[in-house]
Amino acid sequence: MIRPSFTQTINGKPADNTAFFDVINPATEDVAGRAPECTDAQIEEAMAAAVAAHRGTWLRDRARVGEALGTAARILSANVEDLAGILVAEQGKPFGDAVGEVLASAAFVQFYAGFEPAQVQLGDGTTTRGRVSAQPIGPTLGITAWNIPLLLAFAKIAPAIAAGNPIIVKPSPYTPLSTLRVGELLREVFPPGVLQILTGTDALGPKLTTRPEIRKISMTGSIATGAKVYAAGAKDFKRITLELGGNDAAILLDDFDTAAMSERLFTATFDNAGQLCICAKRIFVPQGRVDEIAASFAELAAKVELGPGAQANVTMGPLQNKAQYDKVTGLIEDAVAQGATIVSGGRRLPGPGYFIEPTILKGCAPGMRVVDEEQFGPVMPLIAYRDLDEALAQANGTEFGLGGSVWGADVPRAEWVAARMYSGMVWVNCHGAGQYPNQPFVGVKSSGLGAELGSWGYSGASDLRVDYTTLG
Ligand code: NAD
């Protein structure tokens with residue numbers, strides 16, 4: 001166990017709890033730590049503190065807010081090892097990846113520390129003057145998933161506070177510890193009520209999304225939960241941003257260059273053990289090249305060091321939780337039962353921990369669960385295609401619309417094909433690349449609503465405002 005228990009941050013103070021729930025280390029199945037079960041009285045206290053922070057003056061002082069965000073970024077960087085260790089213990093990822101997640105979170109905060117929102121000036125300045133600008137929405141609720149808990153939390157915390165809103169973060173019950181630790185580390189940086197961290201099992205989410213004090217919800221998670229959060233917010237017109245599931249297609253053209261490109265696509269598929277919303281999850285391969293391309297991926301799979309993220313040589317960790325472990329195992333079994341062939345991997349590791357070998361399947365097709373559903377695990381289903389139009393129709397023909405990619409040596413041709421992909425983010429000869437704080441993260445169709453990061457994240461944390469004066 002990294003630490004027996006962590007504390008919630010409510011109204012600038014550590015909250016006093018007697019009930020806790022266990023957080024399981026997915027590499028060992030031991031208890032990684034214990035998180036507080038938020039009480040109803042603590043919800044009331046947190047709501048009152050958020051409303052008071054919204055009514056106060058501190059969040060309206062852009063200079064002070066920017067300074068505090070800069071301090072927060074420095075504190076995150078200075079505590080990178082502590083936070084990365086907690087992430088490894090609760091999420092399972094390799095330590096180096098966890099360090100990357102903490103530093104990328106600090107970069108998000110730093111970006112918003114210096115962010116200057118655009119204003120549009122109105123009027124002629126002599127007889128009339130005015131402007132279009134952003135104004136805070138009010139108490140904000142951030143709800144996060146278990147795959148990249150800190151990065152998701154800071155994609156919500158940083159723009160919310162920069163735009164003048166207090167925020168309550170509710171992390172996933174599977175990975176609450178690193179977010180609780182963030183609350184502890186940043187308690188002195190922001191005034192009471194500006195940043196609060198509440199944890200609980202699944203019942204906590206609906207108790208928060210239905211609160212009238214909450215004026216904006218930004219949620220990352222599954223499409224099914226996204227629909228519930230959207231409905232909960234509709235009653236009193238809360239502003240809603242949703243970052244939901246993906247089932248990204250990667251279309252390999254007939255000039256796919258295995259020597260130059262296989263490793264990049266392999267990494268995009270198996271990063272975080274396949275547990276990223278923007279992992280490549282359906283790989284369309286020209287029919288005549290399936291065996292050769294599959295062999296190039298199998299070679300890369302053989303080099304993966306699968307094991308506990310805390311071990312130095314490990315490059316891929318476990319699935320984060322037992323339900324996901326069982327789901328992904330079931331998808332592999334179902335695909336094989338339906339005629340797919342395992343090229344590489346396919347097995348669970350014996351012993352404790354939710355480890356599945358990086359798995360390459362050929363002979364996959366729409367209609368199989370491993371293709372139709374978001375697998376969210378270390379599985380690469382290869383789908384042979386004869387006709388590019390058909391591949392594009394299948395790639396686009398789902399409710400998902402997060403990312404997608406096209407791969408080929410002839411770049412203009414690949415870009416021409418990519419233009420026909422309907423996703424929020426479309427890449428050529430890469431997948432999931434270029435995640436900068438100034439770039440929007442966006443899904444279309446059921447993969448999301450609104451965008452996070454960059455100026456779009458700031459706009460999503462703000463209401464519009466028009467000021468106009470007639471002079472004289
Ligand atoms: P999930 O939907 O089960 O849970 C997400 C969060 O919502 C958790 O904090 C959970 O406790 C909370 N929650 C559950 N029910 C709720 C309710 N009724 N009201 C309010 N909150 C509720 O998702 P998950 O299994 O934690 O995460 C995996 C999913 O997240 C995948 O689909 C993945 O693609 C998606 N994801 C999307 C992005 C993105 O940016 N688009 C990024 C990461 C993960």
Side-chain angles (χ1 to χ4, degrees), residues 8-12 15 36-56 58-60 65 134-145 149 152-173 176 179-180 182-183 186 190-222 224-244 448-452 457-465:
Q8 298 180 105
T9 298
I10 299 177
N11 198 18
E37 188 72 73
C38 185
T39 66
D40 288 349
Q42 288 171 336
I43 295 176
E44 296 301 333
E45 193 186 349
M47 291 298 157
V51 169
H54 177 55
R55 290 196 181 134
W58 190 87
L59 276 164
R60 312 284 158 141
V65 168
Q135 59 183 333
I137 300 174
T140 296
L141 173 64
I143 299 178
T144 56
L152 299 178
F154 280 101
K156 302 175 192 320
I157 293 169
I161 295 178
N165 306 286
I167 180 166
I168 294 171
V169 181
K170 190 213 83 65
S172 164
T179 311
L180 285 165
V182 160
L186 302 184
F190 302 108
V194 171
L195 173 61
Q196 304 187 87
I197 314 292
L198 304 186
T199 56
T201 43
D202 266 341
L204 179 58
K207 287 187 184 176
L208 302 177
T209 54
T210 46
R211 292 294 303 215
E213 297 89 342
I214 297 295
R215 299 307 311 143
K216 157 86 204 238
I217 305 173
S218 180
M219 177 257 176
T220 299
S222 61
T225 305
K228 288 183 198 162
V229 169
Y230 198 20
K235 288 187 197 74
D236 53 358
F237 298 94
K238 297 186 201 306
R239 275 50 178 154
I240 307 275
T241 301
L242 299 171
E243 297 284 5
L244 306 177
L449 193 70
E452 283 189 325
Y458 188 96
S459 300
S462 311
D463 273 332
L464 266 181
R465 177 187 176 97

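Computed over heavy atoms, backbone and side chain alike; hydrogens, waters and symmetry mates excluded. Predicted model, so just to flag it, every value in this text is computed and none were measured.
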Beyond-backbone contact of [X] with [Y], side-chain heavy atoms, under 4.5 angstrom:
| X | Y | answer |
| --- | --- | --- |
| I157 | L186 | no |
| V194 | I167 | no |
| L152 | S172 | no |

Once you round to the nearest 0.5 Å, how far does [atom1] of [X] lie from [atom2] of [Y]?
| X | Y | atom1 | atom2 | answer |
| --- | --- | --- | --- | --- |
| C38 | Q8 | SG | CD | 4.5 Å |
| S218 | N165 | OG | CG | 11.5 Å |
| L449 | I240 | CG | CD1 | 8.0 Å |
| I161 | F154 | CD1 | CZ | 8.5 Å |
| D40 | E45 | CG | CD | 13.0 Å |

(request) Mind running side-chain contact (heavy atoms from CB on, under 4.5 Å) on T9 and L195 for me, showing each step along the way? (result) CA-CA 8 Å; T9 298; L195 173 61; over 6 Å; no

For [X] and [Y], work out which heavy atoms get closest and say how close.
| X | Y | value |
| --- | --- | --- |
| Q196 | N11 | OE1-N, 2.8 Å |
| G193 | P166 | O-CB, 3.4 Å |
| A134 | Y458 | CB-CE2, 3.9 Å |
| E37 | T201 | OE2-N, 3.1 Å |
| H54 | R60 | O-NH2, 3.2 Å |
| A53 | L59 | O-CD1, 3.7 Å |

(message) Here's a test for you: under side chain to side chain contact (heavy atoms under 4.5 Å, CB included), which of L242, T144, T209, T241 qualifies with M219?
(response)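 So, applying the side chain to side chain contact (heavy atoms under 4.5 Å, CB included) to M219 and each of L242, T144, T209, T241, only L242 qualifies.
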
(request) Sort out for me which residue in T140, L141, I197 forms a side chain to side chain contact (heavy atoms under 4.5 Å, CB included) with V169. (result)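 Considering T140, L141, I197, a side chain to side chain contact (heavy atoms under 4.5 Å, CB included) with V169 is found only for I197.
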
(request) Just do the side-chain contact (heavy atoms from CB on, under 4.5 Å) check on K156 and K216 with the steps written out, would you? (result) CA-CA 11 Å; K156 302 175 192 320; K216 157 86 204 238; over 6 Å; no

(request) Please determine if D463 and R215 form a salt bridge, counting it only when a charged side-chain N lies under 4.0 Å from a carboxylate O. (result)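 Salt bridge absent between D463 and R215.
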
May I ask you to decide if [Y]'s main-chain N or O and [X]'s side chain share a donor-acceptor pair within less than 3.5 Å?
| X | Y | result |
| --- | --- | --- |
| R55 | A50 | no |
| T39 | Q42 | yes |
| E243 | G448 | no |

(request) Could you go through the side-chain contact (heavy atoms from CB on, under 4.5 Å) check for I143 and T220 one step at a time? (result) CA-CA 6 Å; I143 299 178; T220 299; over 6 Å; no

N/O donor to acceptor pairs below 3.5 angstrom from side-chain atoms of residues 225-236, sequence neighbours left out:
| unit_1 | atom_1 | unit_2 | atom_2 | d |
| --- | --- | --- | --- | --- |
| T225 | OG1 | S222 | OG | 3.1 |
| D236 | OD1 | K238 | NZ | 3.3 |
| D236 | OD2 | K238 | NZ | 3.0 |

